[in-house]
Number of protein chains: 2
Amino acid sequence: MSSPQNQFLEYLAKNKMAATEQRRIVLEVFLGTQGHHSCEELYAHVSKRDSSISPATVYRTIKLIAESGIAESLDFGDGITRFECRHDREHHDHLVCIRCNRRIEVMEDRIEELQEKLACKHEFEVHRHKMILYGICPDCRKQ
Amino acid sequence: MSSPQNQFLEYLAKNKMAATEQRRIVLEVFLGTQGHHSCEELYAHVSKRDSSISPATVYRTIKLIAESGIAESLDFGDGITRFECRHDREHHDHLVCIRCNRRIEVMEDRIEELQEKLACKHEFEVHRHKMILYGICPDCRKQ
DNA sequence: TTATCAAATGAGAACCGATGTCAAGACATG
DNA sequence: CATGTCTTGACATCGGTTCTCATTTGATAA
Ligand SMILES: [Mn+2]
Ligand SMILES: [Mn+2]
Ligand SMILES: [Zn+2]
Ligand SMILES: [Zn+2]
């Protein structure tokens with residue numbers, strides 16, 4: 001498997017899009033982060049590297065990065081779209097603490113299997129799914 | 001179990017809120033609908049009954065109806081908050097067609113159980129969850 | 001009943017993440 | 001290089017929702 005940088009360049013080439021300096025920088029900054037980040041947060045990091053890059057370019061570029069398969073967009077229901085890196089990572093879902101917003105990443109094969117069966121039963125062809133469990137995390141329960 | 005009307009009145013009384021004509025009408029209109037409806041759609045129906053009621057009141061009231069437990073707010077990820085009636089209905093999740101937006105309601109006890117176990121494993125106290133499977137519905141697959 | 005006053009309403013402004021517009025600038029191709 | 005298209009930064013605009021505030025209404029007590 002190629003590096004995310006090459007994967008992105010291939011995606012750009014295949015779609016006849018230019019490999020600009022801004023796109024390279026946004027990708028580098030994104031790859032340098034961990035967790036789930038909003039465009040606003042990414043823009044703050046990008047600005048430190050090159051303050052001339054605009055928020056609009058960050059919005060545009062992270063969307064391309066997601067379309068190339070390197071990032072996944074996440075919607076935790078608070079009106080802010082976040083992105084996380086998909087490169088060399090397995091699929092997972094999230095537990096979200098409604099007190100402190102802590103997010104725990106989880107994966108349960110049997111749930112995934114049952115989701116597929118459930119869809120199959122309705123002759124539905126699943127492309128993706130979203131499963132979020134909202135509640136109180138261990139730390140917040142102790143308080 | 002009392003009627004949703006009484007349940008709402010009890011909720012209002014308990015929170016020292018007035019049982020206004022507008023609130024009664026929005027509830028009646030909401031109860032008269034089936035499926036998943038946005039505030040804009042509800043407002044259109046409410047207007048037919050009483051054209052003096054404002055959109056803001058519909059937004060405010062449906063939120064109270066949800067807080068009272070009669071409605072549930074749904075987020076299918078398209079930026080529009082929808083509401084569906086919870087009164088005398090079991091919990092369910094949704095399959096969403098990314099072509100025609102058709103929504104199929106599903107319920108799988110084993111998934112619900114595994115979700116609870118999964119949360120338990122992380123010492124997480126689940127309050128609610130969201131599970132949506134996005135894909136192509138049977139009708140759209142045939143095309 | 002009627003008076004009282006906090007609560008709710010309608011109208012419209014404001015919010016805010018995100019997208020659109022467009023002239024100026026940068027990239028790929030020869 | 002020169003060319004033509006793509007991309008960019010700046011800024012306007014969008015749309016669902018929330019806020020603000022003067023006016024009206026409903027709950028409670030006289
Ligand atoms: Mn994650
Ligand atoms: Mn439903
Ligand atoms: Zn927490
Ligand atoms: Zn369909």
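Note that this is a predicted model, so its numbers are computed, not measured. Hydrogens, waters and symmetry mates play no part in the numbers below; they use all other heavy atoms, side chains included. The chains referred to below are lettered A, B, ... by the order of the sequence lines, with proteins before strands, and numbering in each begins at 1.
In this structure, CD of A:Glu41 is placed 13 Å from C1' of C:dG17, rounded to the nearest angstrom. Here D:dT25 presents its P atom at 12 Å from CG of B:Asp50, a figure rounded to the nearest Å. In this entry the distance linking CG of B:Leu12 with P of D:dT25 reads 19 Å, nearest Å. We find that CD1 of B:Ile53 is positioned 17 Å from P of D:dT24, with the value rounded to whole Å. One can place CG of A:Leu9 at 14 Å from C1' of C:dA28, the figure rounded to the nearest angstrom. As rounded to whole Å, 5 Å separates atom P of D:dT8 from atom CD of A:Gln22. One atom, CD1 of A:Ile62, and another, C1' of C:dG17, lie 15 Å apart when rounded to the nearest Å.
Residue order along DNA chain D, read from the 5' end via each residue's closest nucleotide, puts A:Pro55 first among B:Pro55 and A:Pro55. For B:Ala19 and A:Ser54, each mapped to the nucleotide of DNA chain D holding its nearest heavy atom, the one lying further toward the 5' end belongs to A:Ser54.
Residue A:Arg60 is in base contact, counting any heavy-atom pair closer than 4.0 Å across all strands shown.
Taking the ring centroids of A:His129 and B:Tyr134, they lie at or beyond the 6.0 Å cut-off. Taking the ring centroids of B:His36 and B:Phe76, they lie under the 6.0 Å cut-off.
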Under the side-chain contact (heavy atoms from CB on, under 4.5 Å) rule, what do A:Gln5 and A:Leu31 come out as? Steps first, then yes or no, please. CA-CA 9 Å; A:Gln5 286 87 350; A:Leu31 294 174; 3.6 Å; yes
Chi angles and distances behind the side-chain hydrogen bond (donor to acceptor under 3.5 Å, both in side chains) call for B:Gln34, B:Glu84: CA-CA 7 Å; B:Gln34 282 183 14; B:Glu84 78 175 335; over 6 Å; no
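Salt-bridge check for B:Arg89 with B:Glu105: passed, with a basic side-chain N closer than 4.0 Å to an acidic carboxylate O.
In the set C:dG20, D:dT7, D:dG26, D:dT7 carries the atom at the smallest distance from any side-chain atom of A:Ala18.
Between B:Ser52 and C:dT9, a side-chain N or O to OP1/OP2 separation shorter than 4.0 Å is absent. Contact check, B:Arg23 against C:dT9: a side-chain N or O comes under 4.0 Å of OP1 or OP2.
The environment of CZ in B:Arg99 is sparse: at most 12 heavy-atom neighbours from other residues, nucleotides or ligands sit within 6.0 Å.
Relative ring orientation between A:His94 and A:His92 is described as perpendicular, the plane-to-plane angle rising above 60° on a 0-90° scale split at 30° and 60°.
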Sub-3.5 Å pairs of nitrogen or oxygen atoms, protein against nucleotides 15-17 of chain D:
{"residue": "D:dT17", "atom": "OP1", "partner": "B:Thr81", "partner atom": "N", "Å": "3.0"}
{"residue": "D:dT17", "atom": "OP1", "partner": "B:Thr81", "partner atom": "OG1", "Å": "2.9"}
{"residue": "D:dT17", "atom": "OP2", "partner": "B:Tyr59", "partner atom": "OH", "Å": "3.1"}

